[in-house]
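Structure, as structure tokens:
For the numbers below, each heavy atom of this structure counts, side chains included, while hydrogens, waters and symmetry mates do not. Just so we're on the same page: letters track the sequence lines, and every chain starts at 1.
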2 protein chains.
Amino acid sequence: MAQSQPIDKRTLILDAAIKVFAKNGYHRSRVSDIAEEAGIAYGLVYHYFKNKEEVLSSIFRERWSAFLDVIRLYREAPITTREKFTSICFYLLNSYNLRPELMEVLILEIARSSKFLQDSHIEEFNEAFRLLEGMIRDGQACGDLRADVDPSLSAYSFLGAIELILTGYVLNTLKARDVKTYQKVAETVVDVFIDGLGKR
Amino acid sequence: MAQSQPIDKRTLILDAAIKVFAKNGYHRSRVSDIAEEAGIAYGLVYHYFKNKEEVLSSIFRERWSAFLDVIRLYREAPITTREKFTSICFYLLNSYNLRPELMEVLILEIARSSKFLQDSHIEEFNEAFRLLEGMIRDGQACGDLRADVDPSLSAYSFLGAIELILTGYVLNTLKARDVKTYQKVAETVVDVFIDGLGKR
DNA sequence: CCGGCTCGATTGACAATCCAGTCAACACTC
DNA sequence: GAGTGTTGACTGGATTGTCAATCGAGCCGG
């Protein structure tokens, strides 16, 4: 049964796909490139995945849910509202540090292909906003955050800021450096988000 | 000479391409789809553009430069710093209102393509950030904005917020409505950006 | 222990499909 | 007639997905 199957080849293919997609983009990557990168025969990809699209889908589904779990974790954590946002921001930035290729695929390929992939992806994508929105409502309820701002727009603003910074790293218009820098960037982003850029 | 050529067919093709790309995505759109949408023969696209890629490039080059002009305009305008950001934000949101398909192509296709196309648009893409960064420095210099925040990160945060909200409209995870709503959304985004979400 | 069998994993050549780009021929205008 | 604009059938290349054949591991019986 598929469930009890050793998972090595499947993961091997996914990891190879992440590399290949990051290097060439999804549309310029062939299934044969993935097979080659994985060191397996071409047809074996189809043994594990229905088609090329399902490879990309699986990358998204499995990795995005990890991100959702992180938001949930920090949302429940006994830390300040500011620390929650900072931690999530840092997690995403540091994910680029640890897995640049994966983040590239997520940012460049999946986020922008969502409209054309199966509908279920939009729902999963949207779950992140709902969780962040919930976190903002939490912050509003406990008095940390203003109650007169739409939580939904705020969630989009927050995640959008991070996403475009990550895009900047991917496109090399921003210089990515080391963990300390990412921590500082996360603090800056959250600083602007919570305290604002305006002079007091 | 190309310069003195009637521009109708070329613009016709670009407009058709915007529709087709928005509907199917660049990679799932064929040159023949564009030709059909434009009501011309297939080969004529190649009379006006080198290849499919150049169609997309031209859409970006010509429309992005219009956006850059708008930033420049508002940057020089005799209005407050807050009004400048609000106006730019509103311009982008309202562009979605006026030209949803074009904004879709810009948001979903261009950034993704930038890394992989021969004719890289990264420099042009980056110009928007430089202009916004300049505007933030202006605001810092005149005392409207904090001097202790990286203007580059702030520019990315600002534009990222807008970009993801627009993506939300495109993917229908956010409901786009009318001009009044866009004005309010612009004000909210800039409100959070300048005043912060934190309770004072 | 060994050999045979079964079944799942693996292989990669190949057929079918798709689509970008070409270009000779035609149409139109001055 | 010359020059520019337009046409769309066709070619060739690229790629996906298929599938028959092979391989390898594990099990069972002698």
Carboxylate-amine/guanidinium proximity below 4.0 Å for A:Asp178 and A:Lys180
no

In terms of heavy-atom contacts, A:Asn51 and A:Tyr46 come closest through CA-CE2, 3.9 Å

Out of C:dG21, C:dC19, D:dT15, which nucleotide sits closest to the side chain of A:Arg30?
D:dT15

Could you tell me the separation between the CZ atom of A:Arg10 and the P atom of C:dG8, rounded to a whole number of Å?
19 Å

When the distance from NZ of A:Lys9 to P of D:dG24 is rounded to whole Å, what number comes out?
11 Å

Can you tell me how far C1' of C:dC23 sits from OH of B:Tyr46, to the nearest Å?
13 Å

Check every atom of D:dG8, D:dT16, C:dT11 against the side chain of B:Tyr42 and return the nucleotide holding the closest atom.
D:dG8

Output the single nucleotide from D:dG8, D:dG5, C:dA9 whose closest atom is nearest the side chain of B:Ala41.
D:dG8

For the ring pair B:Phe90 and B:Tyr74, is the centre-to-centre distance below 6.0 Å?
no

What is the separation between atom NE2 on B:His47 and atom P on D:dG8, rounded to the nearest whole Å?
16 Å

So does B:Lys52 get a side-chain nitrogen or oxygen closer than 4.0 Å to the phosphate oxygens (OP1/OP2) of C:dG21?
no

Rounded to the Å, how far apart are B:Glu54 CD and C:dG21 P?
11 Å

Counting side-chain heavy atoms from C-beta on, which of C:dA9, D:dG5, C:dG21 comes nearest to B:Tyr48?
D:dG5

Salt-bridged, A:Arg146 to B:Asp191, with N to O below 4.0 Å?
yes

Calculate the interatomic distance between A:Leu44 atom CG and D:dT16 atom C1'; express it in whole Å.
16 Å

Please give, in whole Å, the distance from D:dT6 P to B:Phe49 CZ?
13 Å

Using whole Å, report how far CD1 of A:Ile40 lies from P of C:dG12.
11 Å

